[in-house]
Chemist: 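Before anything else, here's the structure in question.
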Amino acid sequence: MAVCIAVIAKENYPLYIRSTPTENELKFHYMVHTSLDVVDEKISAMGKALVDQRELYLGLLYPTEDYKVYGYVTNSKVKFVMVVDSSNTALRDNEIRSMFRKLHNSYTDVMCNPFYNPGDRIHPGGPYFLCPYPVQVGPTSCVRSSPGGPYSCVRSSPAGPLITW
Amino acid sequence: MSHPAHRRPEYHKINKDLFVLTYGALVAQLCKDYEKDEDVNQYLDKMGYGIGTRLVEDFLARSCVGRCHSYSEITDIIAQVAFKMYLGITPSVTCNNSSRNEFSLILDKNPLVEFVEELPAGSSLCYCNLLCGIIRGALEMVHLAADVTFLQDRLKGDSVTEIGITFLKKRDEKKYRWKK
């Protein structure tokens, strides 16, 4: 089960970050932040090969004693980072890939909302952005885009501060 | 002539995402240009009216439906033939009053709102108001005055999306003469 999920924009600021409310969320935010360096490293390493061969799924970014961090980057340089509990050995690579794929699909749906401006924060509340494994991430682990102007989200979200870096 | 003289009523399949996104961009731009939701609704209706007056010719040429004898027949044709032809959905028709000039189209699935999330409470924007304008324009071209509005909208939190068509009596109506 994912313990923390983050969507990072091209300019490396968070669009959406959510972690299990019981844990110290700052720790996860820090972990995701540090993983961005690894993501950049992987992208530049792969970039030397032909662009066609570059895969979206980056795999395990780095393991810590308690957690493992996985990364995924889209062609538009939007990064998805997922922190998973190390004790959960049953989670295989394929499952992580499918979780990222679902995340990517949800992100695409948010992007297609005509009232969402790319680069805006993605706020929880609507039916579109469903975390693939919602159990540990919070009761309403759905997200909706937060457009500027008169259509900003009204629904309140459960715990989870959005940190600005 | 831009179209060949003999047109076969064929349905060209294209990916609807571009169409849905285009409509979404249109509404989003209108919202940015006009501050009030009512103005946006009004402009969507006007644009739909322009589309409807032209679309009805295409519809009549392709569908070859016969003469209608009542308002309910017309509403059935709008729901079962026209909506099917242009949007691929078939709304259900209900009659709202005993004098049989007020009808409702209940849409259970609306392809235009596929990517849109719910509008905030209190918003009076009718996202698909273009459809109302289209129906109104089309009916006017066959000499039928009608009032078309959204009665319920899923985007605003209602359970279904309902378009209400009210046929208005024209003052100098000689006899029912319409072909649809």
Side-chain angles (χ1 to χ4, degrees), chain A residues 5 7 9 14-18 74-76 78 80 101-132 134 137-158 160 162, chain B residues 14-44 47-48 87 107-131 150 152-161:
Chain A
I5 289 183
V7 179
L15 292 174
Y16 175 75
I17 179 162
R18 216 52 185 304
T74 65
N75 284 326
S76 49
V78 171
F80 301 135
R101 213 169 302 132
K102 286 187 201 160
L103 199 64
H104 194 175
N105 287 337
S106 305
Y107 176 72
T108 318
D109 286 339
V110 168
M111 282 294 282
C112 286
N113 184 357
F115 297 114
Y116 172 75
N117 300 314
D120 282 352
R121 282 281 158 73
I122 303 175
H123 282 207
Y128 280 101
F129 196 58
L130 290 165
C131 293
V137 192
T140 36
S141 47
C142 332
V143 206
R144 100 189 335 185
S145 60
S146 155
Y151 299 102
S152 34
C153 297
V154 210
R155 271 192 241 172
S156 60
S157 59
L162 274 179
Chain B
I14 59 164
N15 188 341
K16 67 168 171 19
D17 285 346
L18 180 61
F19 173 60
V20 174
L21 288 172
T22 306
Y23 185 72
L26 173 79
V27 179
Q29 189 60 47
L30 279 176
C31 289
K32 283 187 201 139
D33 292 343
Y34 302 106
E35 289 154 10
K36 290 203 213 141
D37 289 342
E38 287 76 26
D39 290 341
V40 177
N41 290 344
Q42 195 188 23
Y43 278 104
L44 281 173
M47 289 195 288
L87 283 179
L107 285 84
D108 56 349
K109 190 176 66 126
N110 188 354
L112 288 178
V113 303
E114 192 174 316
F115 300 121
V116 185
E117 292 158 4
E118 239 180 61
L119 302 173
S123 163
S124 56
L125 174 74
C126 292
Y127 185 82
C128 296
N129 220 29
L130 198 85
L131 294 179
F150 268 93
Q152 287 189 80
D153 197 348
R154 256 218 191 107
L155 288 180
K156 292 183 189 159
D158 298 320
S159 49
V160 288
T161 305

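Below, chains carry the letters A, B, ... as their sequence lines are ordered, and counting in each starts from 1.
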Chemist: For a quick test of reading the model, state the closest non-hydrogen atom pair linking A:Asn113 to B:Val116 and the distance between them.
Modeler: OD1-CA, 3.8 Å
Chemist: Looking only at heavy atoms, what is the nearest atom pair of A:Cys112 and B:Phe115, with distance?
Modeler: CB-CG, 3.3 Å
Chemist: Between B:Tyr127 and A:Pro114, which heavy-atom pair has the shortest distance, and what is it?
Modeler: OH-CG, 3.4 Å
